[in-house]
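The structure under discussion appears below in the form of structure tokens.
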Amino acid sequence: MQLEAQNLRCRRGPKTLFTDISFSLDAGKLLLVEGQNGAGKTTLLKLLSGLRRPDKGEVLWNGMSIRSANSQFNRQLAWLGHQNPLKEDQTAFENLSMLGAIRSRNERCAYEALQAVKLGNVKHKAVKTFSAGMKRRLALASLLIADTPLWILDEPQAALDKAGIALYEQLATEHLENGGMIIMTSHHDVAIDERFIERLILGQ
């Protein structure tokens with residue numbers, strides 16, 4: 001299992017954000033994308049997830065372009081951006097159950113995911129009553145429901161307190177130990193074992 005970027009280039013208006021970005025990421029590895037604000041970190045993640053096309057270059061999943069009709073990439077990917085993909089008027093359990101239905105997961109999986117992010121005691125409360133940190137934990141629970149090998153995460157620790165960040169790092173470590181892959185950005189220190197981590201610095 002491998003994700004490969006080949007000579008990616010992206011422009012924003014007249015400005016070239018980055019050019020000639022190439023790397024390969026294997027199972028059990030985390031790619032930490034670093035760089036100053038405006039370096040193009042979020043844009044790169046969108047290219048890697050297929051949400052945006054590069055001006056030049058290609059993204060391959062197991063040797064096949066992610067744009068190929070035969071690619072299974074979309075079903076292997078879980079994307080989490082700055083905005084939490086939650087329906088505010090629904091409960092935590094309803095949010096996860098809806099995603100679980102799309103992924104052919106049963107209700108027990110939703111309960112287990114809520115327990116994993118320490119939200120089991122508020123599973124039947126509306127998301128609009130949650131704090132920002134609780135909403136982010138619920139968004140992280142959606143990764144567990146999706147049950148995909150590749151996570152692409154833009155600032156996954158955003159809005160989390162120290163306990164929440166530690167929880168994310170635990171979930172991420174377990175995912176990597178089970179052969180998963182993660183690409184992420186962060187403005188926080190990442191306390192995950194260095195043996196898992198590879199780094200890509202934009203704007204150098």
Side-chain angles (χ1 to χ4, degrees), residues 3 30-34 37 41-52 73-178 180-192 196-197:
L3 182 76
L30 182 154
L31 181 68
L32 183 59
V33 181
E34 301 176 305
N37 290 339
K41 300 186 296 296
T42 295
T43 299
L44 177 59
L45 264 58
K46 288 183 177 180
L47 297 186
L48 298 175
S49 65
L51 294 174
R52 177 171 175 169
F73 179 70
N74 287 339
R75 292 199 61 82
Q76 305 299 308
L77 165 70
W79 158 266
L80 179 58
H82 287 148
Q83 299 296 319
N84 297 316
L86 305 172
K87 293 189 177 295
E88 297 269 330
D89 289 331
Q90 293 186 349
T91 67
F93 178 73
E94 288 169 339
N95 268 269
L96 294 189
S97 294
M98 182 172 60
L99 176 59
I102 295 172
R103 294 284 183 170
S104 299
R105 308 274 279 168
N106 60 35
E107 290 188 349
R108 180 178 177 183
C109 294
Y111 283 116
E112 290 175 347
L114 287 165
Q115 292 292 342
V117 298
K118 315 298 184 188
L119 292 176
N121 61 329
V122 292
K123 57 182 175 287
H124 294 309
K125 289 186 178 296
V127 170
K128 63 186 176 183
T129 67
F130 285 9
S131 68
M134 292 168 68
K135 290 177 183 177
R136 198 58 170 175
R137 287 192 188 211
L138 184 57
L140 293 176
S142 71
L143 301 175
L144 304 180
I145 290 289
D147 192 30
T148 58
L150 175 61
W151 296 354
I152 298 183
L153 315 174
D154 199 4
E155 298 285 345
Q157 308 106 311
L160 295 176
D161 57 15
K162 288 183 179 179
I165 291 173
L167 175 62
Y168 163 71
E169 291 166 347
Q170 175 189 335
L171 296 175
T173 298
E174 291 172 356
H175 185 62
L176 296 167
E177 289 176 339
N178 289 326
M181 307 159 67
I182 301 173
I183 301 173
M184 62 174 285
T185 63
S186 178
H187 283 122
H188 298 272
D189 292 332
V190 179
I192 294 174
F196 294 118
I197 297 178

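These numbers were taken from a predicted model, which means no experiment stands behind them. Values reported hereafter were calculated over all heavy atoms of this structure, with side chains retained and with hydrogens, waters and symmetry mates removed.
With rounding to the nearest 0.5 Å, the separation of CG in Leu114 from OG1 in Thr91 is 8.5 Å. For the atom pair CG (Leu80) and CD1 (Ile182), the distance works out to 11.5 Å, reported to the nearest 0.5 Å. How far CG of Leu150 is from CZ of Arg75: 14.5 Å, rounded to the nearest 0.5 Å.
Counting heavy atoms from C-beta on, the side chains of Leu31 and Ile183 come closer than 4.5 Å. Thr129 is not listed as a side-chain neighbour of Val122, based on a closest heavy-atom distance of 4.5 Å or more. Residues Met184 and Leu32 meet the side-chain proximity criterion, which asks for heavy atoms closer than 4.5 Å. The shortest distance between side-chain heavy atoms of Asp89 and Lys128 falls below 4.5 Å.
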Determine all donor-acceptor pairs shorter than 3.5 Å in which one atom belongs to a side chain in residues 163-172; sequence neighbours excluded.
{"unit_1": "Glu169", "atom_1": "OE2", "unit_2": "Ala191", "atom_2": "N", "d": "3.0"}
{"unit_1": "Gln170", "atom_1": "NE2", "unit_2": "Glu174", "atom_2": "OE2", "d": "3.3"}

Expected list for residues 133-141: side-chain donor-acceptor pairs under 3.5 angstrom, two or more places apart:
{"unit_1": "Lys135", "atom_1": "NZ", "unit_2": "Glu88", "atom_2": "OE1", "d": "3.1"}
{"unit_1": "Lys135", "atom_1": "NZ", "unit_2": "Glu88", "atom_2": "OE2", "d": "3.2"}
{"unit_1": "Arg136", "atom_1": "NE", "unit_2": "Pro156", "atom_2": "O", "d": "3.3"}
{"unit_1": "Arg136", "atom_1": "NH1", "unit_2": "Gly81", "atom_2": "O", "d": "3.0"}
{"unit_1": "Arg136", "atom_1": "NH1", "unit_2": "Asn84", "atom_2": "OD1", "d": "2.7"}
{"unit_1": "Arg136", "atom_1": "NH2", "unit_2": "Gly81", "atom_2": "O", "d": "3.1"}
{"unit_1": "Arg136", "atom_1": "NH2", "unit_2": "Asp154", "atom_2": "O", "d": "3.2"}
{"unit_1": "Arg136", "atom_1": "NH2", "unit_2": "Glu155", "atom_2": "O", "d": "2.9"}
{"unit_1": "Arg137", "atom_1": "NH1", "unit_2": "Val117", "atom_2": "O", "d": "3.3"}

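In this view, Asn37 and His187 satisfy the side chain to side chain donor-acceptor pair (under 3.5 Å) rule, not counting sequence neighbours. For Ser142, there are no side chain to side chain donor-acceptor pair (under 3.5 Å) partners two or more places apart in sequence or in a different chain. Under the rule for a ring-ring contact (aromatic ring centres under 6.0 Å, His included), Phe196 has no partner lying at least two apart in sequence or in another chain.
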Pair Val190-Gln157, side chain to side chain contact (heavy atoms under 4.5 Å, CB included): steps then yes or no: CA-CA 9 Å; Val190 179; Gln157 308 106 311; 3.9 Å; yes

Evaluation steps, side chain to side chain contact (heavy atoms under 4.5 Å, CB included), between Thr148 and Leu77: CA-CA 6 Å; Thr148 58; Leu77 165 70; 5.7 Å; no

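Taking all atoms of both residues into account, the shortest heavy-atom contact from Leu144 to Ala116 is CD1-CB, 3.7 Å. When all heavy atoms are compared, the tightest approach of Phe73 to Leu3 is CE1-CD1, 3.9 Å. Between Arg52 and Thr43 the shortest heavy-atom distance is NH1-CG2, 3.7 Å. Counting all heavy atoms, side chain and backbone alike, Leu86 lies closest to Asn95 at CA-OD1, 3.4 Å. Between Leu45 and Leu153, the shortest heavy-atom distance links the atoms CD2-O, 3.3 Å. Of all heavy-atom pairs between Ala78 and Leu143, the closest is CB-CD2, 3.8 Å.
Heavy atoms from other residues, nucleotides or ligands lying under 6.0 Å from NZ of Lys123 number more than 12.
Between Trp151 and His175, the ring planes lie parallel to each other; the angle is under 30°, not in the 30° to 60° tilted range.
Among residue pairs with one or both ends in residues 109-122, those qualifying as side chain to side chain donor-acceptor pair (under 3.5 Å) are Arg108-Glu112; sequence neighbours excluded.
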